[in-house]
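These values consider heavy atoms only, across backbone and side chains, with no hydrogens, waters or symmetry-generated copies.
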2 protein chains.
Amino acid sequence: MSPSRGRRPGRPENSTGPDQRSQLLDVAVQQFSEHGISGTPLSRIAREARVTPALLHYYFGNKDQLVDAVVRERVLALMAPALQSVTQPSPGDGASHLLDRFVATVLETVSAAPWLPPLWVREVLTEGGQLREMLIREVAPRVTGAITEAIERDQRLGLLNPDIEPRLVPISVIGLTVFALATHSLWSRFPGNQDIDTATLIRHVRALLSSGLSGG
Amino acid sequence: MSPSRGRRPGRPENSTGPDQRSQLLDVAVQQFSEHGISGTPLSRIAREARVTPALLHYYFGNKDQLVDAVVRERVLALMAPALQSVTQPSPGDGASHLLDRFVATVLETVSAAPWLPPLWVREVLTEGGQLREMLIREVAPRVTGAITEAIERDQRLGLLNPDIEPRLVPISVIGLTVFALATHSLWSRFPGNQDIDTATLIRHVRALLSSGLSGG
DNA sequence: CTGGAAATTAAATTAATTGTTAATTAAATT
DNA sequence: AATTTAATTAACAATTAATTTAATTTCCAG
C-alpha cells in the first residue's frame, strides 16, 4: 500500500544514508526472523521499509532471490567467525577449550544479532524450514566434525565423562546457546528474569558444560 | 478433494474401530507437528484422514475449535505426568534428584509421542506461535518455579556449582531435552548418527547435567 | 417397516492474499 | 535535451482456504 505518508512516485532526492538495498535486506532479515520466511509477504517488508512491494522486485527480482541475498549477505556472513572458532586448528588445547571458544563466539555473535537465533530455529531446525538444506550443507559437517572428534579424543584419554555421547555434544551445545537465545523473548518476560544478560548466560553455559550442576 | 477412492456420500456402515473424531484429532496433531498450525489447511488434514473438509466442520465447528480440542485432549493430556514430576513435593531429595526425575519423565513422554517436540518448538517457542500464551499460562510458572527454587536452595547450602544461574536451569533443561528431540529428524540423518536412541540421550543429558563434560 | 437422526460427500461460495507485471512519474547524470 | 535510475500506482492472475448448503446413505427407535 501507500509508503511513507505523502511520498510521490519518482526518483527521490539524493540521500546520504546507507543505500536502499542494504536497508531492505535489514528489514527483510528482521521480518524473516519474527514471522518466518513463508510467513512474510513482500508487502510487509515493503511496508516496514516505507516502500512499495514493486521496489523489492526492482532490487532483487523475486522473493527467492531476496531470500538468497539475505542468506549470503547476512546469515552466512554473520556465522563465519563461529565457524572459524572450531575449524581453525588450535594447537594443543583439548575439547573443553575448543568448546569454550565456540560457546563464547556463538553467544557473542548472536547477542549482537538477536534476529539470528529465531531465524535458525524456524528455518533450519524445524521440519520444512527453508534454510535447512543450505545450512546443513555449508555449516553442520564442519562444526559437528570438529567438536565430535575433539570430544572422542579426550574421552579415549580418560579426560572426559564416559557417559557423554560425543555425537550429541554439538546438539547439546546448540540447545544451550542458540536455543536459549532464540527463546529469550519468551523467558525474559517471566517475573524476575528481566535482568539476565549475555555475560550471565555465557558463565552459566560454560559452568554447565564444564562441570555440570554439581560444580568442580 | 476426493476422499478414499470411490467413497460416496452418506453415512458409512457401522465400524468397530476407534471413533472418527478421535482419529481426526490424531491426524490433526500429526499435521500440526509437521507443518505448523497455520501451515496446515483443513484440506490437508482431511486428505490424510481420507475424509472431506466438511467433516472437520461437522465435528469441530471451525479451525479454532479444532485447535482447541487438540490442545486440550492431546497436548495438555500428554504433558500432565511431566508436570507432576516437578510439582509433586518429593520429600527430602534435592535439586539433582528433582531434575533427574523431570528429565527422565520428559524424555520418556516425548519419545512415546514424537510429534510433541516439533509442535512445541514451532508453536510455543517461536515468536507468534499459536500455543504460546496458552501454555505459558498453564505450564511454565509451575515448572520453572519448582526447579528454580530447588536449585537455589541447594546452591545456598553450597551443594551446587555457584556459577550456575538458577533461573536459566529450566531453559537449559528444555534445550537439552525437548529441543534435542525436536531436531531429531535433522541430526539423525548425519552420517553415523542413525543409531542414537532415547536411552543414550537420557544417559547423555543426565551425565551432562550432573557433572558436565569433565565427569564425576 | 417407516421416518427421523446421524454421518458423510459434493459442490459452491466467499474472502482474502500474494507474487508479479505494466505503466507512469520524477530526479540524476551525461 | 536525452537517457538512465529510483520510485510509485494500479491491477492482474493464480490460488488458496475456510465455510456453507444441499444431497446421499445408513442406522435406529417406535
*Assign each of A:Gly39 and A:Gly61 to its nearest nucleotide of DNA chain C by heavy atoms, then name whichever residue's nucleotide is nearer the 5' end.*
A:Gly39
*Do the side chains of B:Leu42 and B:Leu66 get nearer than 4.5 Å, heavy atoms only?*
yes
*Charged N to carboxylate O under 4.0 angstrom, B:Glu73 versus B:Arg21?*
yes
_If you assign A:Ala54 and A:Arg44 each to the DNA chain C nucleotide with the nearest heavy atom, which residue ends up on the more 5' nucleotide?_
A:Arg44
*Within this structure, what is the CG-to-C1' distance between B:Leu55 and C:dA7, rounded to whole angstrom?*
7 Å
_Euclidean distance, atom NZ of residue B:Lys63 to atom P of C:dT14 [Å, nearest integer]_ = 22 Å
*Check the distance between C:dA6's P and B:Asp19's CG and give it to me in whole angstrom.*
16 Å
_Euclidean distance, B:Ser85 OG relative to B:Glu108 CD, rounded to 0.5 Å_ = 10.0 Å
*Among C:dA7, C:dT18, D:dT8, which is the nearest nucleotide to the side chain of A:Pro41?*
C:dT18
*Contact class for A:Tyr58 vs. all strands (heavy atom < 4.0 Å): base, sugar-phosphate, or nothing?*
base
*Mapping B:Glu13 and B:Asp64 to their closest nucleotides on DNA chain D, which lands nearer the 5' end?*
B:Asp64
*Quick one: do A:Arg44 and A:His35 satisfy side-chain hydrogen bond (donor to acceptor under 3.5 Å, both in side chains)? Show the steps, please.*
CA-CA 10 Å; A:Arg44 175 138 35 84; A:His35 307 105; 2.5 Å; yes
*Just how far is it from atom CZ of B:Arg153 to atom CG of B:Leu98, taken to the nearest 0.5 Å?*
8.5 Å
*Bracket string, DNA chain C, 5' to 3' - pairs by Watson-Crick or G-U geometry under 3.5 Å, | interstrand*: ||||||||||||||||||||||||||||||
_Nucleotide nearest B:Leu42 when distance is taken to its side chain, options D:dT19, C:dA7, C:dG19_ = D:dT19
*Take the protein atom NE2 of A:His57 and the nucleotide atom P of D:dA6, then report the distance between them rounded to whole Å.*
17 Å
*Please tell me if the side chains of A:Val67 and A:Phe60 come closer than 4.5 Å, counting only heavy atoms from C-beta onward.*
no
*Please give, in whole Å, the distance from C:dG19 P to A:Gln65 CD?*
14 Å
*Of all the choices, D:dT9, C:dT9, D:dT19, which nucleotide is nearest to the side chain of B:Pro53 once you look at every atom?*
D:dT19
*Separation of A:Asn62 atom CG from D:dA13 atom P, in whole Å?*
20 Å
*For B:Phe60, which contact category applies under a 4.0 Å heavy-atom criterion: base, sugar-phosphate, or nothing?*
nothing
*Rounded to the nearest Å, what distance is computed from the CD atom of residue B:Gln23 to the P atom of nucleotide C:dA7?*
14 Å
*Rounded to the nearest Å, what distance is computed from the CD atom of residue A:Gln20 to the C1' atom of nucleotide D:dA7?*
9 Å
*Going by atom types only, do A:Gln65 and A:Asp68 share a side-chain donor-acceptor pair under 3.5 Å?*
no
